[in-house]
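Below is one structure, written out as C-alpha cells; the observations come after it.
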Amino acid sequence: MEPLSFQKYICSLNPAVLPRILRICSGVYFQGSVYEISGNECCLSTGDFLKIIAIKLQKVICEDVEMGQTTELPLTFKGLFQTSPDPQPYASLEELIRSKWRAQEAQPLCFVSATDVAVNRQVIPKAQPIFLEALQGRKAAVRTAGSHGELHWFSLPRSLRGRFFECGGQRDLTLQEVLGLQGGWPQRLFCPALGSCPILLSPVYEVQAIMHLRKDVVKIPSTLEVDVEDITEEVQHIHFIKPLLLSEVLQMEEALPVRAEILEGPSSLAVFKNDWIARLQKGQQIQIHGKGCAWKVLASARKGTRHFLLSSAYQGRFRRRPREFTTAYELAASLQASQRLRVVVTQDCEGHEEDMPSLSVGDRLEVRCLLQASTSTTVLLCNRSSIEEEEGEESEELMLPLDLRGSFVEEMCDSKKYSLAEILEQLPLPCDVKVVAKDPSLTRDMLSSFSALRLEVRVTEPFLVSSFCEEPNKSFEIPPRWLDMSLFFTEEPVHPQAPSTDWSRVEELKEPFYYHLLKQLPGSSAPPPPRPPRRKEAVGKAGLRTAKATGPEKAKPPSLPVSKSPLSQKTRSPFIARSTPNEYSMHLRLQRASQPSKTPKDKGAETSDSDHDYETVDEDLQKTICKMQTVFPF
C-alpha cells in the first residue's frame with residue numbers, strides 16, 4: 001500500500017483485523033531517542049517497525065467549517081448527526097435542483113438550509129433535513145419530519161434564495177454510529193445540537209503497539225505526524241525483540257527452558273573468579289534450563305584470603321578439624337547454646353598485669369560464659385585443668401579479659417567423614433573441616449589443597465541454571481541478584497538433554513564481594529576487611545616499646561551477650577583474674593612515674609609515632625625477658 005498519514009490509517013483501520021505491522025516512512029523526532037509526553041511515545045524514527053495490537057478511542061475533535069473553531073466532544077455526546085457528502089453550498093434551490101436532482105432515481109433529494117425557511121406561516125428550522133419529492137412547474141414538492149415522527153408537506157418556490165447543502169440521506173446517527181462509518185476522515189456532518197453550519201469530526205485514538213527493544217507495550221497518539229506503510233503481508237516472519245532483565249526471567253519459570261541472546265552483559269564482574277563469567281557479553285547466546293534449587297555454603301580458607309561458594313551438589317567428603325583461636329574474644333564468640341567448648345592452650349601466655357592469670361602450654365580450658373565484672377569490664381569465665389591432673393581433682397576457675405591474646409586449639413575427637421549435607425544436619429556452623437576425598441566429577445578439586453576450610457554459613461540465594469549454546473552439556477548457575485544483565489528470548493529450539501557437567505559446584509569469590517555478601521546475609525556478624533599492612537618504620541618502633549593501654553583510645557571488642565548470674569561463692573584460686581584491659585597495672589604506673597619527664601620535642605615524636613602505629617603487645621619480647629630473668633636471677 002501507499003504511505004498514509006498515521007491519523008488517516010488508524011481512523012480507517014478495522015479493529016477486527018489486528019494485529020497489523022507498520023513501517024515508519026517519515027518519522028518524527030523529539031529531542032532524544034526516547035521522549036515521552038503525557039505517557040505517550042512521541043518519537044518514531046524512519047525505518048522503525050510497529051506491531052499494532054489495539055486501538056482505543058480517546059476523544060473526538062469537532063471543527064466548525066465556517067468559523068474554524070474547534071471543540072472536544074465527550075464520548076457520551078447525545079446529539080444526532082446527518083452526513084454531508086457534498087460540502088459545496090448552493091445559493092438557491094434552483095441551483096441545487098439542477099446540480100443534484102435526478103428524476104429517474106427512486107430516492108428523494110435530501111438537503112438542509114443554513115437559515116430558517118418560512119413557508120405558509122410555518123417555519124422549517126435551519127439544519128433540519130428537507131426531502132425533495134417532485135417538481136411541479138415553478139414549485140418543488142418537499143416534506144419534513146416533525147418531532148413526533150409525523151410528515152409535513154410543503155411547496156417551495158424553485159427560486160428560493162439562501163444557502164443550501166445536500167445531505168447524504170442518512171439521518172439520526174449517534175456519535176458511535178458516525179465513528180463506525182467507513183470512508184475518509186475527517187467527516188463533514190450536520191448536527192442540529194451544534195448549530196446550522198457543517199462540522200468536521202476527527203477521532204483521536206490511543207494506539208498500543210510493540211516495538212523493537214522496548215520492554216513494555218508503547219502507547220502512541222494517532223495524531224502523531226508520521227507517514228506509515230502497512231507491510232503485514234510482506235513480513236509475517238518478523239520477530240520483535242523484547243528486552244528482559246535476568247531478574248525478571250527468574251519470575252518466568254513457565255517460559256523455561258528457553259534460548260536467549262545477551263543484549264548487555266553484567267554491570268559488575270567482580271563476583272566470581274572463573275572462566276565462564278567473562279564470556280557473558282553482548283551477542284553471546286545462552287540456554288536457560290530452569291531455576292536452581294540447590295543451596296550453597298560459604299567457605300573460607302582458614303589461613304589466607306580465599307573464599308568459596310560450595311554447591312549442595314558437591315560430592316567431596318570432609319573431616320572435622322579442631323578450630324583455632326588467637327584471643328579470648330574469639331572463644332567467647334564461638335560459644336553456642338547447649339554446646340560445650342573445650343580448648344587446649346598451645347602457647348605460653350604471660351599476664352601483663354599482676355592479677356591477670358598466666359596460661360601454660362597444655363592447660364585445658366572449659367569455656368563457660370561471659371560475665372560483667374564491673375560497669376565497664378566484661379570477662380570470660382573458664383574452668384582450667386592441666387593434662388597431668390587426675391579426673392577427680394577440682395578444676396580452677398579463671399576470668400580472662402576479652403583482649404587476652406594467646407593460642408588455643410579446640411579439643412575434639414572425631415574421625416568421621418562427612419558429606420556437605422551431613423555437616424549441615426549434624427554440626428553447628430561455623431565449622432572447620434578438611435577435604436579428605438575429592439569430588440570425582442571435578443577435573444581439579446581446588447578445595448583439597450587447603451589444610452583447613454571454615455564452613456561459615458548456608459546461603460539460599462536463587463540461581464538460574466544456564467549453559468552456552470555451543471557447550472550445552474556444561475552448565476553454570478547465574479545469581480540474578482548479583483549478576484543482573486539484559487537479554488531477549490530467541491525463537492530457536494532448545495537443547496533437549498539436561499547438562500551433565502556442573503561448573504558451579506565450587507565457585508571462588510572475589511574478596512570485596514565476600515565482605516559485601518556477609519553484610520547481606522540475615523543474622524550475619526560480618527567481620528571487617530583486613531587492615532592494610534603497617535609501614536616498616538612503625539613495625540620497628542613497635543618492637544622497642546611495651547604495651548600501652550590508654551582507655552579511651554583503645555578499641556573495644558564488639559559487644560557479646562553477657563551472663564548476669566553472680567559469681568560462684570566457693571573458694572577460688574589466688575590466680576583468679578580480676579584485671580581489666582583498659583587500666584594500667586600498679587607496676588606500670590610506678591615504673592612510668594619514676595621515668596624522667598619528656599621534653600616537648602620528645603612528646604612530639606611520641607605523638608607522631610602513636611598516630612601511625614597499631615598498639616600491640618610484643619609477646620615474644622616479654623617471653624624472652626622472663627627466660628633471661630630465670631637464667632640470670634640478678
Side-chain angles (χ1 to χ4, degrees), residues 1-30 34-65 68-81 83-85 170 173-191 193-194 198-212 214-233 235 238 240 242:
M1 65 173 275
E2 295 294 328
L4 295 175
S5 71
F6 194 48
Q7 172 71 5
K8 288 184 178 181
Y9 177 83
I10 296 300
C11 289
S12 62
L13 182 62
N14 184 0
V17 301
L18 294 179
R20 305 297 292 179
I21 299 176
L22 306 181
R23 178 169 54 207
I24 307 300
C25 299
S26 177
V28 61
Y29 196 76
F30 279 88
V34 177
Y35 187 82
E36 294 186 356
I37 298 179
S38 301
N40 291 325
E41 179 66 37
C42 295
C43 175
L44 296 176
S45 301
T46 302
D48 283 351
F49 292 93
L50 291 178
K51 185 177 184 179
I52 300 177
I53 58 175
I55 58 175
K56 179 180 179 182
L57 181 64
Q58 293 290 95
K59 56 187 177 181
V60 177
I61 304 299
C62 174
E63 181 183 357
D64 189 315
V65 174
Q69 297 178 347
T70 60
T71 58
E72 182 178 327
L73 293 183
L75 300 182
T76 57
F77 181 70
K78 301 299 183 181
L80 300 177
F81 298 86
T83 60
S84 176
Q170 293 179 304
L173 297 176
T174 65
L175 179 61
Q176 298 301 325
E177 290 173 336
V178 170
L179 295 176
L181 294 176
Q182 295 297 321
W185 288 90
Q187 290 272 13
R188 180 180 291 268
L189 303 165
F190 284 95
C191 180
L194 298 176
I199 58 175
L200 293 176
L201 288 187
S202 300
V204 178
Y205 293 89
E206 178 189 82
V207 181
Q208 298 182 10
I210 298 173
M211 297 182 66
H212 274 302
R214 303 293 177 90
K215 182 182 299 185
D216 302 319
V217 174
V218 296
K219 298 177 180 179
I220 307 171
S222 62
T223 54
L224 197 61
E225 296 181 358
V226 295
D227 294 335
V228 297
E229 180 183 5
D230 192 322
I231 57 171
T232 306
E233 307 302 330
V235 290
I238 191 170
F240 286 85
K242 180 182 179 181

*Does Phe49 have any ring-ring contact (aromatic ring centres under 6.0 Å, His included) partners at least two apart in sequence or in another chain, and if so, which?*
none
*Can you list the residues that meet the ring-ring contact (aromatic ring centres under 6.0 Å, His included) rule with Phe77, with sequence neighbours excluded?*
Phe81
If you take all heavy atoms of [X] and [Y], which pair is closest and at what distance?
X      : Y      : result
Cys62  : Leu194 : SG-CD1, 3.8 Å
Leu50  : Ala209 : CD2-CB, 4.2 Å
Ser222 : Pro203 : OG-O, 4.4 Å
Pro74  : Leu175 : O-CD2, 3.6 Å
Leu75  : Gln58  : CD1-O, 4.0 Å
Val17  : Leu13  : CG2-CD1, 3.9 Å

Is the shortest side-chain heavy-atom distance between [X] and [Y] below 4.5 Å?
X      : Y      : value
Leu18  : Ile53  : no
Tyr205 : Pro221 : no
Ile55  : Ile10  : yes
Leu44  : Ile220 : yes
Thr223 : Phe6   : no
Ile52  : Leu22  : yes

_Among residues at least two apart in sequence or on other chains, which ones pass side chain to side chain contact (heavy atoms under 4.5 Å, CB included) with Leu200?_
Glu63, Val65, Pro186, Arg188
*Mind checking side chain to side chain contact (heavy atoms under 4.5 Å, CB included) for Lys242 and listing every partner two or more places apart, or none if nothing turns up?*
Leu244
*asked:* Determine whether a donor-acceptor pair (N or O, by modelled atom type, separation under 3.5 Å) exists between the side chain of Gln7 and the backbone of Ser202.
replied: no
*Check for a donor-acceptor pair, side chain of Ser45 on one end and backbone N or O of Asp48 on the other, with a separation under 3.5 Å.*
no
*To the nearest 0.5 Å, tell me how far Asp216 CG sits from Met211 CE.*
13.0 Å
*asked:* Quick check for you: to the nearest 0.5 Å, what is the distance between Lys219 atom NZ and Glu206 atom CD?
replied: 5.0 Å
*In chain order, what residues pass the salt bridge (Lys or Arg N to Asp or Glu O under 4.0 Å) check against Lys215, with sequence neighbours excluded?*
Glu248
*Looking at residues at least two apart in the chain, or sitting in another chain, which of them share a salt bridge (Lys or Arg N to Asp or Glu O under 4.0 Å) with Arg20?*
Asp230, Glu233
*asked:* Does this structure show an ion pair linking Glu229 with Arg23, if we count only N-O contacts that are shorter than 4.0 Å?
replied: yes
*Might you work through the side chain to side chain contact (heavy atoms under 4.5 Å, CB included) test for Val207 and Leu224, ending with a clear yes or no?*
CA-CA 10 Å; Val207 181; Leu224 197 61; over 6 Å; no
